[in-house]
Amino acid sequence: VTIGNACNIQGQVTMKRNSTLKAKSVLVHGMVVPENQVWEGNVAQYSNETETGLETRLHAKSSKKLPMPFTLILAKWEMKQAVLLAIASTCIVTILVLVELLKVPLLLALHLLTRSTTVSLVLTLLIGSNFVPCMLLVMQVILKWLLLGKVTEHCFSLHDFYYVRYWFVYTLTDICTYKYGFLVQSSVFGSIYLRLLGVKASRNSYVGNFVTHNFDLTSIGESVFIGNFSSIGAWTVNNSHVIHFEKTRIEDKCVVGNHGIVMSGVTMETKSVLAANAKLETSDLVNASSKETIWIGSPAVKFKNNSCIS
């Protein structure tokens, strides 16, 4: 059974084998989701969806068996990645512990050296409140490139070691974004921070406190507004426990409201708007262009043409 993010499942609901509930969907009291079906919406209904051409190709790629020599090389590379992962975890914990243990002695030493109450107060504020967040942000960027490298369009299983590495980097990104993202995001440094993570982000866009799931596969155009607590490039897991990474594009002068979800593989065309708490995925755009339109709801539906953005 697969349950997406931000779902609401009420009492006495039954989800049967291999059933799927998509993100931001609601199952009310007493509903039953049959086997091998995908449901979505508020209130959730049966969604008659099929795999896209890209997903079919990705399945074909994932089903190919690798030659033995390359498999051995891959295994050795994954062992190196496992060692890096262990070292990174140890370094992060060590740095945080040392900072907490040495914070007070370091501040006292700085106070004695400077002999200035004002300088001491400034250093206390800088070291005491922002040192750990800044170190985590720097560590996050370094680990992203060490453990994942450049993210490309592909699929992988939840049982692969790649997912362990991705989970580690994504969890650190999640912590940094929601706890310490105010230091860089929602500011002039937001686009710089995203570019360091591999996101193709314009300097002239307002980037709120949001999470990007597929890093290098996300591109953000000019004069884009992304609200707080949004998710860009969110992925889904099918019944075979396979995750698909596809390119996600937000073109010029688009708006993503607070808590909005733009799924992996979606292209928001110029001057389109996704309302707050809405979820937009590729299947929503099959029969309609998103250019200069407003989309609302979960799953998102075309509301009206957009004449508000010039």
Legend entry - Intermediate values then yes/no, side chain to side chain contact (heavy atoms under 4.5 Å, CB included), Leu197 and Val141: CA-CA 6 Å; Leu197 290 174; Val141 173; 4.0 Å; yes
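- For the atom pair CD of Gln37 and OG of Ser47, the computed distance is 10.0 Å after rounding to the nearest 0.5 Å.
- Take Ile9 and apply the side chain to side chain contact (heavy atoms under 4.5 Å, CB included) test, not counting sequence neighbours, and it matches Ile3, Val13, Met15, Leu21, Leu27.
- The line from CG of Leu217 to CD of Glu153 is 6.0 Å long, rounded to the nearest 0.5 Å.
- Distance check: Tyr170 OH to Asn214 CG gives 11.0 Å after rounding to the nearest 0.5 Å.
- Here the straight-line distance linking atom CD1 of Ile250 with atom OG of Ser219 works out to 8.0 Å at 0.5 Å rounding.
- In this view, Tyr166 and Trp235 satisfy the side-chain hydrogen bond (donor to acceptor under 3.5 Å, both in side chains) rule, not counting sequence neighbours.
- In this structure, Val256 and Met268 have side chains that are in contact, with non-hydrogen atoms separated by less than 4.5 Å.
- For the salt bridge (Lys or Arg N to Asp or Glu O under 4.0 Å) condition, the pairs that include at least one residue of residues 205-225, sequence neighbours left out, are Lys144-Asp216.
- When all heavy atoms of Cys7 and Lys24 are compared, the pair lying nearest together is SG-N, 3.9 Å.
- Here the closest heavy-atom approach between residue His29 and residue Gln12 is recorded as NE2-OE1, 3.3 Å.
- Listed here is the closest heavy atom pair of Ser230 and Gly257: OG-O, 3.0 Å.
- Between Val207 and Tyr193, every side-chain heavy-atom pair lies at or beyond the 4.5 Å cut-off.
- Side-chain atoms of Ser25 and Glu40 form no donor-acceptor pair, as typed in the model, at a separation below 3.5 Å.
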Inset, instruction - Could you walk me through whether Val301 and Ile296 pass the side chain to side chain contact (heavy atoms under 4.5 Å, CB included) test, one step at a time? - result: CA-CA 6 Å; Val301 293; Ile296 62 173; 4.3 Å; yes
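- For Thr152, the side chain to side chain contact (heavy atoms under 4.5 Å, CB included) partners two or more places apart in sequence, or in a different chain, are His154.
- Contacts classified as ring-ring contact (aromatic ring centres under 6.0 Å, His included) and involving residues 252-276 (residues at least two apart or in different chains) are given here: Phe229-His259.
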Inset, instruction - Give the C-alpha distance, both sets of side-chain angles, the deciding distance and a yes or no for side chain to side chain contact (heavy atoms under 4.5 Å, CB included) between Trp295 and Lys302. - result: CA-CA 5 Å; Trp295 294 76; Lys302 184 178 176 180; 4.1 Å; yes
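- Here the closest heavy-atom approach between residue His244 and residue Ser264 is recorded as O-OG, 4.0 Å.
- The ring-ring contact (aromatic ring centres under 6.0 Å, His included) test applied to Tyr163 returns no partner, not counting sequence neighbours.
- Taking Asn8 as the reference, Gln10, Val26 meet the side chain to side chain contact (heavy atoms under 4.5 Å, CB included) condition, with sequence neighbours excluded.
- Taken to the nearest 0.5 Å, the CG atom of Asp252 stands 10.0 Å off from the NZ atom of Lys271.
- To the nearest 0.5 Å, atoms CD1 (Ile220) and CZ (Arg203) are separated by 14.5 Å.
- Residues satisfying the side-chain hydrogen bond (donor to acceptor under 3.5 Å, both in side chains) criterion with Trp145, sequence neighbours excluded, are absent altogether.
- Remark: Thr212 engages Thr218 in a side-chain hydrogen bond (donor to acceptor under 3.5 Å, both in side chains) (not counting sequence neighbours).
- Listed for the Ser205 side chain is a donor-acceptor partner under 3.5 Å among the backbone atoms of Gly221.
- Smallest separation of non-hydrogen atoms from Val224 and Lys253: CG2-N, 4.0 Å.
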Inset, instruction - Check step by step if side chain to side chain contact (heavy atoms under 4.5 Å, CB included) holds for Tyr162 and Leu148. - result: CA-CA 8 Å; Tyr162 183 87; Leu148 292 183; 4.0 Å; yes
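- Glu35 meets the side chain to side chain contact (heavy atoms under 4.5 Å, CB included) test with Lys16, Arg17; sequence neighbours excluded.
- Pairing each heavy atom of Ile232 with each of Thr248, the nearest pair is CG2-CG2, 4.1 Å.
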